[in-house]
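Counting from 1, the numbers follow the sequence of the chain as shown. Predicted model, so just to flag it, every value in this text is computed and none were measured.
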Amino acid sequence: MSAVRSSYFAAAIVFLSAALLSGCSGTSSSSGANAGAQAGAARTDPGSFSTAPDGATGDWTSQARDYANSRYSALDQINTSNVGRLRIAWTFSDGALYGHEGAPLVTAGTMYTVSPFPNRAFALDLTKPGGPIKWVYDPKPSPMAIGKACCDPVLRGWAIGDAKLIYNLLDDHVVAVDLKTGKELWRTTMADVSHGVTMTMSAFVAGGKVFVGNSGGELGVSGWIAALDLQSGKELWRAYSTGSDHGVKIGPRFKPLYPQYRGTDLGLKTWPAGMAIHGTGAVWGFISYDPTLNLIYYGTSNPGPRVPAQRPGDNLWTSAVFARDATTGEAVWAYQFTPHDQWDYDGVNEMMLLDLTIGGRLRHTLVHFDRNTYAYVLDRATGEVLKADNFAPQNWSLGFDWKTKRPIVNPAKTPKVGEKVEHICPPDIGQKDWEPPSFSPRTGLIYVGIFNICMDLTNHKVSYIAGTPYDGMEMTRHSVDGKDGDWGALIAWDPVAGKVAWRIPEKFMVMSGTIATAGDLAFYGTTDGWFKAIDARSGKLLWKQKLSSGVIGQPITYLGPDGRQYVAVASGIGGAAMVQSGRPGLPARGSTLYIFSIDGKDVAETTSPAAGGK
């Protein structure tokens with residue numbers, strides 16, 4: 001599912017406070033201020049390819065900055081010693097009052113940003129004061145798409161490749177725009193929005209290809225990922241998440257380690273007859289890429305309908321991760337995070353490609369924080385499960401079965417048709433939704449925005465009608481304590497130890513992405529409108545700035561044409577963050593991009609020697 005319901009789900013999803021209910025287990029709040037410093041940077045690094053495509057430059061040309069999805073920058077002009085002098089340099093408004101979830105991109109002295117619907121693209125000239133507009137591209141997508149988008153007409157990002165700006169339109173087109181002129185170079189139709197398919201994910205560029213996927217998990221779409229030719233926009237291959245092996249592109253190269261994934265046409269046989277075609281498995285999260293293995297990694301969404309009683313079986317390949325050959329699309333391995341997903345625990349969250357020392361051995365891993373509240377560490381060549389640790393409160397599972405490599409379902413928290421089941425943790429959006437974390441090789445820690453919420457759930461049987469909700473979940477969300485406790489936090493996670501190093505409580509869900517820098521800083525935003533910088537080792541708050549709206553987007557940092565380091569983030573609350581139990585304090589919707597720089601004397605004079613200096 002996408003992160004938030006639209007108006008036609010409003011009656012089914014009312015956010016309320018509830019009486020105190022017990023039964024959640026989870027991580028401890030902190031293990032000490034120095035835990036991050038002791039995490040061991042020497043034993044924890046992004047993959048050796050992680051600097052691609054930006055290398056050592058100060059550009060930021062993809063949502064995650066690198067193929068590994070680390071969101072780490074080697075820039076250190078802004079650091080722990082001078083971040084307190086960070087000030088707003090200039091701002092820009094795109095005028096679109098929907099959720100702003102994407103990150104601006106920077107290359108060759110120009111910043112590129114794209115609005116949520118109507119998906120207008122802007123090029124801003126960084127060589128001139130205030131970043132004036134160089135050009136605007138208006139693709140004019142169909143307004144019908146707004147009514148089909150379950151979760152606010154958002155766009156989670158865009159990409160740069162081959163002198164092109166490439167991104168998805170909500171109405172199921174992919175466009176490529178000339179970076180210099182803003183002229184449309186190609187536009188490819190991917191689906192028919194009238195059938196309930198939308199596209200909200202960030203396009204991903206690697207190896208001369210553009211990789212895109214679909215949204216629409218609440219409308220019974222058939223989930224897919226596709227590769228387009230970067231030069232022409234021609235579709236090269238498409239792989240579905242459910243259905244026959246032919247459609248899923250499972251063949252001789254598919255070598256699953258675990259027996260539950262061996263057999264023919266499991267994308268059909270693990271479903272009731274005729275249901276796989278509307279079984280969802282939409283692909284709306286982030287993609288990562290290992291050029292050494294030539295594999296892309298991505299997750300699939302919840303099965304449909306969300307009423308589990310109507311679809312007995314494991315429902316492969318939903319709520320899962322695929323590793324595919326980037327050239328041919330052939331599946332190489334897959335792993336299902338939540339078999340027979342009964343709670344809407346999409347598996348679409350990012351796959352971070354990190355080299356970690358696990359059990360005394362350096363492993364090339366994939367790290368994934370799933371909605372089901374397990375932090376997984378997998379071998380990215382084979383799909384072997386190396387670790388599965390809870391990173392936040394949960395009670396849907398009684399633990400992880402290392403024999404079957406599956407979570408053990410708590411029968412007391414399984415949904416029932418026509419019967420209310422109370423205090424299921426986490427709720428449908430998990431204790432972490434799509435918001436991407438970052439990793440610092442200097443601290444060995446991952447910085448993750450999380451939630452602290454549960455739900456009361458009642459299921460109702462539904463029938464499939466094309467282009468309409470295929471849903472059946474009626475829920476209310478509340479804080480873990482059942483009262484009015486904190487709804488979120490920012491945690492530093494040690495992926496080797498499998499535990500929280502430290503935790504910063506937040507009143508509201510943290511739906512901002514994070515970045516980490518060589519200045520030993522981590523940046524993130526809050527849904528009540530604060531943008532913050534913290535010490536990446538201790539979690540100490542070093543700086544904060546109140547913005548005009550909530551932050552649910554992804555910050556970046558870059559070197560401007562003047563050789564100075566800047567930090568940028570979009571404000572504009574929307575999506576799941578809009579309603580949090582009716583709690584006061586959330587700002588109005590907004591549409592402002594903020595750019596920050598160090599105020600006062602030249603930053604080179606205050607660059608921290610510990611951060612590497614300049």
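The two atoms that bring P393 and C425 nearest to each other are O-CB, 4.2 Å, heavy atoms only. Shortest non-hydrogen contact noted between L266 and W317 is CB-CZ2, 4.1 Å. Between T318 and S301 the shortest heavy-atom distance is CB-O, 3.4 Å. Nearest heavy atoms, Y558 versus A568: CE2-CB, 4.4 Å. Heavy atoms only, all atoms of each residue included: A282 and N214 are closest at CB-O, 3.3 Å. When all heavy atoms of A203 and Y167 are compared, the pair lying nearest together is CB-CA, 4.3 Å.
Ionic pairing of D355 and R363 is not present here: no N-O contact between side-chain nitrogen and carboxylate oxygen is shorter than 4.0 angstrom. A salt bridge links R371 with D346: the distance from a Lys NZ or Arg NE/NH1/NH2 to an Asp or Glu carboxylate oxygen falls below 4.0 Å. We find that D59 and R65 are not joined by a salt bridge, their nearest charged nitrogen and carboxylate oxygen being 4.0 Å or further apart. With salt bridges taken as basic N to acidic carboxylate O contacts below 4.0 Å, one links K387 and D389.
Rounding to the nearest 0.5 Å gives a distance of 8.5 Å between CD1 of I225 and OG of S241. Here CG of L542 is found 8.0 Å from CD1 of I534. Values are rounded to the nearest 0.5 Å. If you take CG on L457 and CD1 on I424, they are separated by 4.5 Å, rounding to the nearest 0.5 Å. Remark: S70 OG to F439 CZ distance equals 8.0 Å, nearest 0.5 Å. For the atom pair CG (N168) and CE (M199), the distance works out to 3.5 Å, reported to the nearest 0.5 Å. Taken to the nearest 0.5 Å, the OG1 atom of T382 stands 4.5 Å off from the CG atom of L257.
A side chain to side chain donor-acceptor pair (under 3.5 Å) check over residues 248-263, counting only residues at least two apart or in different chains, returns the pairs R253-D325.
Ring-centre distance between F337 and H368: below the 6.0 Å cut-off. Taking the six-membered ring wherever Trp is involved, the centroid distance between the rings of Y524 and Y447 does not fall below 6.0 Å.
Panel note: side chain D401, backbone I408; no donor-acceptor pair is recorded below 3.5 Å. Under the 3.5 Å distance criterion, the side-chain polar atoms of W502 are matched with a main-chain donor or acceptor of R537. Without hydrogens or angle criteria, S512 side chain to G525 main chain gives a donor-acceptor distance under 3.5 Å. Under the 3.5 Å distance criterion, the side-chain polar atoms of S202 are matched with a main-chain donor or acceptor of W158.
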| message | Under the criterion side chain to side chain donor-acceptor pair (under 3.5 Å), I'd like the reasoning laid out for N349 against Y345: C-alpha separation, chi angles, the key distance, then a yes or no. | response | CA-CA 10 Å; N349 293 352; Y345 295 159; over 6 Å; no
| query | Can D341 and R311 be said to form a salt bridge (charged side-chain N to carboxylate O under 4.0 Å, His left out), step by step? | reply | CA-CA 10 Å; D341 177 9; R311 45 173 175 78; 5.8 Å; no
| said: One pair to check against side chain to side chain donor-acceptor pair (under 3.5 Å): N294 and T327. What are the steps and the verdict? | reply: CA-CA 8 Å; N294 194 37; T327 304; 3.0 Å; yes
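Judged purely by distance below 3.5 Å, without hydrogens or angles, the side chains of R156 and T200 pair a donor atom with an acceptor atom. Of the N and O atoms on the side chains of K413 and S397, not one donor lies less than 3.5 Å from an acceptor on the other residue. Side chains of H340 and N315: a donor on one and an acceptor on the other come within 3.5 Å. D486 and S479 share no side-chain donor-acceptor pair at under 3.5 Å. Looking at T338 and S319, their side chains never bring a donor and an acceptor atom within 3.5 Å of each other.
Between T527 and V510, every side-chain heavy-atom pair lies at or beyond the 4.5 Å cut-off.
For the pair R71 and F286, the cation-pi test (distance below 6.0 Å, angle within 45°) is passed.
With V569 as reference, V551 is the one residue of I556, V551, I515 to meet the side chain to side chain contact (heavy atoms under 4.5 Å, CB included) rule. Test N372, V448, N390, V480 against Q431 for side chain to side chain contact (heavy atoms under 4.5 Å, CB included) and you get one pass: V480.
Heavy atoms from other residues, nucleotides or ligands lying under 6.0 Å from NZ of K540 number 12 at most.
In this structure, F369 and W493 have perpendicular ring planes: the angle between them is above 60°, well past the 30° mark. Taking the six-membered ring where the residue is Trp, F531 and F523 present parallel rings, their angle staying beneath 30° rather than reaching 60°.
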